[in-house]
Amino acid sequence: MAASECPVKKANVGGGGTRNRDWWPNDLRLNILRQHTGVTNPQNKEFDYPAAFKSLDFDAIKKDLTALMTDSQDWWPADHGHYGGLFIRMAWHSAGTYRVTDGRGGGGEGQQRFAPLNSWPDNVSLDKARRLLWPVKQKYGNKISWADLLLLTGNVALESMGCPTFGFAGGRADTYEADESVYWGGETTWLGNDVRYADGREGPGGGGSGTVDGDEGPKKDHPDIHSRNLEEPLGAAHMGLIYVNPEGPDGIPDPVASARDIRTTFGRMAMNDEETAALIVGGHTFGKTHGAAPSDNVGPEPNAAPLHQQGFGWSNKHGSGKGPDTITSGLEVIWTSEPHKWTNKYLEYLYKYEWELTKSPAGANQWVAKTDDEIIPDAFDKNKKHKPRMLTSDLALRFDPVYEKITRRWLEHPDELHDTFTRAWFKLLHRDMGPRSRWLGPEIPKEVLLWEDPLPPVDHPLINDTDITELKKEILATNVDPTNFVRAAWAAASTFRGGDKRGGANGARIRLDPQIKWRVNNASELKSVLSALENVQQKFNSSAPGGKKVSLADLIVLGGVAALEKASGLPVPFTPGRTDASQEQTDIQSFDHLEPVVDGFRNYGVGNNRVRTEAFIVDRAHQLTLSAPQLTTLIGGLRTLNANWDGSSYGVFTKQPGKLSNDFFVNLLDMSTEWTPTDGAEEFFEGKDRKSGQKKWTATRTDLIFGHHPELRAVAEVYASADAEEKFKKDFIAAWDKVMNLDRFDVK
Ligand code: HEB
């Protein structure tokens, strides 16, 4: 069948035929708000993964995994008799999709089992790695998720090759469908990068241009690779790669330009220069690359492969198609003479030899040492030896001046390399797990790390119901407009993002850099709210040891609760126990990634030529793990509460701003109003009475999408109905409470 034909569109069965997505490709899609529900998850509703993991015999599974490393299978024989390299690459590619910019990707959901990741060109042969692991997964069943197992196996691989690790934490529950929320790029061809590098260039000389030895001049005909800008939130230079092209940017073997791409992409993974260099040096101390013959021997990826291959892809018709004939990346490199031992040989060779550009048997650019030393053992033939070889991206660690300084130091101080590598590896595997309260198992490191966004422990008795009642009274007795308590609580709690479970109200980081300076947080107003709450706190807190105390984080949320109770006339739940982080416990640069560019909940910001404003609200709703009805109820409620970031009246469709009501929906769906845009970009609108022509309301795209989008309108109709006032208030309070507690893994 030709690729251009789509059989599904002609399939006359349920789900077949031309779909809405085909007719209206630009329609706002809510699909990411209904993923990973009970409908797709085969586990019982009561299944509690943390409890199951706690019953795992951790030592036993580690023993089994260690034995697996050297249990070579004929259907996929181990290089040098050891699978360690393959399993490290599997774990690294699982975790390495994480991006700090939006917190999505990473190894936290076991997504490597699903498309597109199972079929990414960079994940060739990892289909085999996961199948080698299946007997262990099967044996331990629900006690360990695939997500945890893929990463633990990488850890055990390191340990089995003489590299003690920094630790391991479990607690990643599996998902059972492809996560559609991650933007992997706009390209429609594998290894394309036309969209991600389409906009913006840095000024001249952005990355410098380098040469390794006299023969390889700088590539003047490709100036882009020294200056191009990778679009956010992406962390890879090509569609379908984890990071950068191993042959060099766009295949051009320029190590210095490669360093530039490495720095950008690893930076998006929250790694600095030291961590980045350590990861690459440490990783490529092990294993080999595979490019026995040209890649046209290789069949389609798992998702496109024939049914009878049962999830395997990339069938290889060269020779035996495995072992010495394996084709994975198409590069053919073994970095050290002991590829299954933790040594410092990677750096020793990197600096001992000069390097010459050559081609792999598959025709890819790689480098070979200018030497007669044939010191590298073949992976299968005991009588064969090879010269040392490197990838262009490996040479980047020597020819980039910053990486050079770092790696030369490690050449002399291998213990420092080990320390930095194992810490960076631990961070790589755990960066998207959220706070320590989610970490499980016997190997959690004691040392608290800044990237965990640490919180101080609760060191005082928690406030009780009487205290809560008293504090709410105190809060409402301040001179602050209650609406401002709603805004502050929302500003604090809504920084949460489900992807990496960072942010949230706990820690009261809203009062610290950088959040206090974010434009959306309206600093002058926020500061007056915080100082009012601090006064309440000072009055309440006892200085006696073991005396009564309340954290500011609790007060910020309680302020919202008090204001909401007043505005709704209903009780609003509150769970105390938050603590206040210090500025030292808050990595400013890392927290800057949590700043919203557009936040429709507060009618902040507008879209751009790629993303309409209303798509940002779905994106944020997804970060807040909300369903479409929860999104709808929150928007409607926040508008009547008058909670726009700057106090504007866009979308505040009520005569009683500050009171919780379903007026937003009633007035939005009122047929007597006619809407017209007031600007050319159609971001802002005016609602006039059809008869009198009198101006009634103003609105943004975020407001009006709830009348335009058929599914959102269907929900809005429920809340606008005559019988809905009470339901709306209850649903709003429940959704509000959910958002306030998204980060409370300590009480879940
Ligand atoms: Fe790597 C392998 C590239 C980073 C670890 N790597 C590899 C290969 C390539 C690469 C191409 C081959 C594949 C085949 O098989 O063929 N890397 C690369 C790049 C980068 C990297 C470009 C960026 C710069 N790695 C890395 C890291 C790590 C690693 C970070 C960890 C840590 N790798 C690795 C290993 C291996 C590899 C272990 C081996 C595998 C086997 O043995 O199988």
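These numbers were taken from a predicted model, which means no experiment stands behind them. Whatever order the structure lists them in is the order used to number ligands and atoms, beginning at 1.
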Legend entry - Structural part of Ser393 in contact with ligand 1, heavy atom criterion under 4.0 angstrom: side chain
Inset, instruction - State the atoms of ligand 1, each with its element, that fall below the 4.0 Å cut-off from a heavy-atom position in Ile88. - result: 38 (C)
Legend entry - Under-4.0 Å salt bridge between Asp500 and Arg497: yes
Legend entry - From the candidates Ala379, Ala157, Gly283, the one that places a heavy atom nearest atom 31 (C) of ligand 1: Gly283
Inset, instruction - Answer yes or no: is there an ion pair linking Lys288 with Asp79, defined by an N-O contact shorter than 4.0 Å? - result: no
Inset, instruction - Would you tell me whether Tyr346 and Asp394 have side-chain atoms, one donor and one acceptor, within less than 3.5 Å of each other? - result: yes
Inset, instruction - Verify whether one side chain among Thr407 and Tyr351 offers a donor that lies under 3.5 Å from an acceptor in the other. - result: yes
Legend entry - Sub-4.0 Å atoms of ligand 1 with respect to non-hydrogen atoms of Gly287: 42 (O)
Inset, instruction - Indicate whether the side chain of Thr285 and that of Lys345 have a donor and an acceptor atom separated by less than 3.5 Å. - result: no
Legend entry - Per-atom contacts of ligand 1 with Phe266, taking only distances under 4.0 Å to non-hydrogen atoms: 23 (C)
Inset, instruction - May I ask you to identify the nearest protein heavy atom to atom 9 (C) of ligand 1, giving residue, atom name and distance to one decimal place in Å? - result: Leu391 CD1, 4.0 Å
Legend entry - Exercise: identify the closest heavy-atom pair between Ala293 and Ala362: O-CB, 3.2 Å
Legend entry - Protein contact of atom 17 (N) of ligand 1 - nearest heavy atom, named by residue and atom, plus distance: His284 NE2, 2.8 Å
Inset, instruction - For the residue pair His340 and His82, categorise the inter-ring angle as parallel (less than 30°), tilted (30 to 60°) or perpendicular (more than 60°). - result: parallel
Inset, instruction - Answer yes if the ring centres of Trp425 and Trp92 are under 6.0 angstrom apart, and no otherwise. - result: no
Legend entry - Among Trp425, Trp335, Trp92, closest by any non-hydrogen atom to atom 2 (C) of ligand 1: Trp335
Inset, instruction - For Phe286, counting its heavy atoms only, list the atoms of ligand 1 lying under 4.0 Å from any of them. - result: 38 (C), 39 (C)
Inset, instruction - Considering only non-hydrogen protein atoms, determine which one is nearest to atom 32 (C) of ligand 1 and report residue, atom name and distance to 0.1 Å. - result: Leu279 O, 3.2 Å
Inset, instruction - Could you see which bit of Phe87 sits under 4.0 Å from ligand 1, with heavy atoms only: side chain, backbone, both or neither? - result: neither
Inset, instruction - Identify whether NZ of Lys or CZ of Arg in Arg502 sits under 6.0 Å from the centre of the six-membered ring of Phe591 and within 45° of that ring's axis. - result: yes
Inset, instruction - Would you mind listing which atoms of ligand 1 come within a distance below 4.0 Å of any non-hydrogen atom of Val244? - result: 22 (C), 24 (C)
Inset, instruction - Answer yes if the ring centres of His430 and Trp451 are under 6.0 angstrom apart, and no otherwise. - result: no
Inset, instruction - Distance to 0.1 Å, residue and atom name: give those for the protein heavy atom nearest to atom 41 (C) of ligand 1. - result: Lys288 O, 3.2 Å
Inset, instruction - If you have a sec, work out which protein heavy atom is nearest atom 8 (C) of ligand 1 and how many Å separate them, to one decimal? - result: Thr289 CG2, 3.6 Å
Legend entry - Residue and atom name of the nearest protein heavy atom (relative to atom 24 (C) of ligand 1), distance in Å to one decimal: Ile280 CD1, 3.5 Å
Inset, instruction - Considering only non-hydrogen protein atoms, determine which one is nearest to atom 43 (O) of ligand 1 and report residue, atom name and distance to 0.1 Å. - result: His290 CE1, 3.4 Å
Inset, instruction - Determine, for Tyr353 and Lys370, whether the Lys NZ or Arg CZ falls below 6.0 Å from the six-membered ring centre while staying within 45 degrees of the axis. - result: no
Inset, instruction - Considering the heavy atoms of Leu331, write down every atom of ligand 1 situated less than 4.0 Å from one of them. - result: 11 (C)
